[in-house]
Amino acid sequence: MRVVMFGYQTWGHRTLQALLDSEHDVVTVVTHPRSEHAYEKIWSDSVADLAEKHGVPVIIRNRPDDELVDQLREVAPDIIVANNWRTWMPPEIFTLPVHGTLNIHDSLLPAYAGFSPLIWALINGEPEVGVTAHMMDEELDAGDIVVQRAVPVGPTDTATDLFHRTVDLIAPVTVEALGLIASGQKEFTPQDRSRASFFHKRAEEDIRIDWNWPAEDLERLVRAQSAPYPAAFTYHRGRRIEVVSAVVSEGRYGGTPGRVFYREGDGVVIVAGTDARTGRNHGLAITRVRTEDGRELPASEYFTSMGGYLTGRP
C-alpha cells in the first residue's frame, strides 16, 4: 500500500522505521517542527531526518491546512498511518485514503486516550500498559481497535522503563495492523466507551508533590517522573527540592502530611495522606534528592535533622 505517515518524536520515528522496513511504500511524511517544550525535547528522534535519509518527501506543519490537503490528494495514499501527531486532524484528511487512517497510540484504549498515557497509568497503579492500533474517527483516540498488545508493569518500573518496553511494540503492532487492512479486513473491534478515559498533557503543576496523597501514590508519582522526565518536586524551608527516588515506608507514621519525621533504612520518612493523623498510614521514605543548584545526594545527607515540613509552595 501507498502510505503517508504523520508523526513526531521517537514514537513517530519508530513508526516510520517500521514502515520503511515493511513491504509498503512510504510516499510522504508529515511532521511537526522542532520544539523547545520540555516534554517534546524528550524522546525527540527526528522523523524528518529519518525520512530525508531514505529519500521520502517531508512536509513540516504545526497543524493541517488547505495546502496540505491538496498535497495529500496529489500523492493519493491508500492509507495514512499516524503516531504522536500532536494536533487535530480534520475529516478531510483522515478519510482521504481509501483505507482511512490508522493511528498508533501508546495505551490500552479505550483507557488513557489523550496525552502522556504511560505516566498517568503508572501514577494510577495500572497492572499493564501497551500500544493500540486503531482506525481514526472524529473523536480523539476513539476509533475501532485493529491490534492491541500489552506489557506488565512491575513494582519498581519507572516511566522510562515503560517507554522502552512499549516503544518496542510499535513496529510489530503497526505492521500487523497494516497486514490485516491490506488483506481486505474492514470490521474491527469497537471501543467500549463506558471504559474510556481521556488525559491532558503533563505540566509543572502535575509534578508538584501533594503530601495529602497516600504514600503509595506518591511513590508511583516519583517513579513516573523518572529521568529524562522532570522530577517530582516539593519545597523545604522555602527552597525547591526534587525527589529523585523514594519508597513506601515499612512503618506507619502519624501526624500532619508533609512532616519530616523519621530516619528509616536509607530514607527519611515524610508523613503522607489526608488521614495521617490516625497513625494508620505508611509514609514516603525519600532516598535521594536534587537541590536547586543541581546537586544530587542521599536524603539522609540532605536532611541533617528531623522536624519541619515539606510543602507544595515556598
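The number of heavy-atom neighbours closer than 6.0 Å to CD of Glu23, taken from other residues, nucleotides and ligands shown, is 12 or below. Within a 6.0 Å sphere centred on CZ of Arg193, heavy atoms belonging to other residues, nucleotides or ligands number more than 12. For CZ of Phe188, the number of neighbouring non-hydrogen atoms (other residues, nucleotides, ligands) closer than 6.0 Å is greater than 12. Within 6.0 Å of CG in Asp66 there are 12 or fewer heavy atoms belonging to other residues, nucleotides or ligands. Within a 6.0 Å sphere centred on CD of Glu176, heavy atoms belonging to other residues, nucleotides or ligands number more than 12. By the neighbour-count criterion of 12 heavy atoms within 6.0 Å, atom CZ of Arg263 is densely surrounded, having more than that number from other residues, nucleotides or ligands. When the shell of 6.0 Å around CZ of Arg63 is examined, it contains 12 or fewer heavy atoms from other residues, nucleotides or ligands. The number of heavy atoms from other shown groups lying within 6.0 Å of CG (Asp266) does not exceed 12.
A salt bridge does not link Asp206 with Lys201: every distance from a Lys NZ or Arg NE/NH1/NH2 to an Asp or Glu carboxylate oxygen is 4.0 Å or more. A salt bridge links Arg34 and Asp49; the closest N-O separation between the charged side-chain nitrogens and carboxylate oxygens is under 4.0 Å. In this structure, Arg220 does not pair ionically with Glu216, as no charged nitrogen and carboxylate oxygen lie closer than 4.0 Å.
A distance of 6.0 Å or more separates the ring centres of Phe94 and Trp88. Ring to ring, His200 and Trp120 are close: their centroids are under 6.0 angstrom apart. Taking the centre of each ring, Phe303 and His236 come in below the 6.0 Å mark.
Of the N and O atoms on the side chains of His24 and Ser22, not one donor lies less than 3.5 Å from an acceptor on the other residue. Thr287 and Ser245 share a side-chain donor-acceptor pair at under 3.5 Å.
Follow the hydrophobic side-chain contacts under 4.5 Å out from Leu310 and you never reach Val247; the two are in separate clusters.
Note on ring orientation: taking the six-membered ring where Trp is involved, the planes of Phe115 and Phe198 are tilted (angle from 30° to 60°).
Closest approach of Asp137 to Gly143, counting heavy atoms only: OD2-CA, 3.5 Å.
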Evaluate Trp11 against His105 for ring pair (Phe, Tyr, Trp, His ring centres under 6.0 Å), listing each step before the verdict. CA-CA 9 Å; Trp11 296 272; His105 181 71; over 10 Å; no
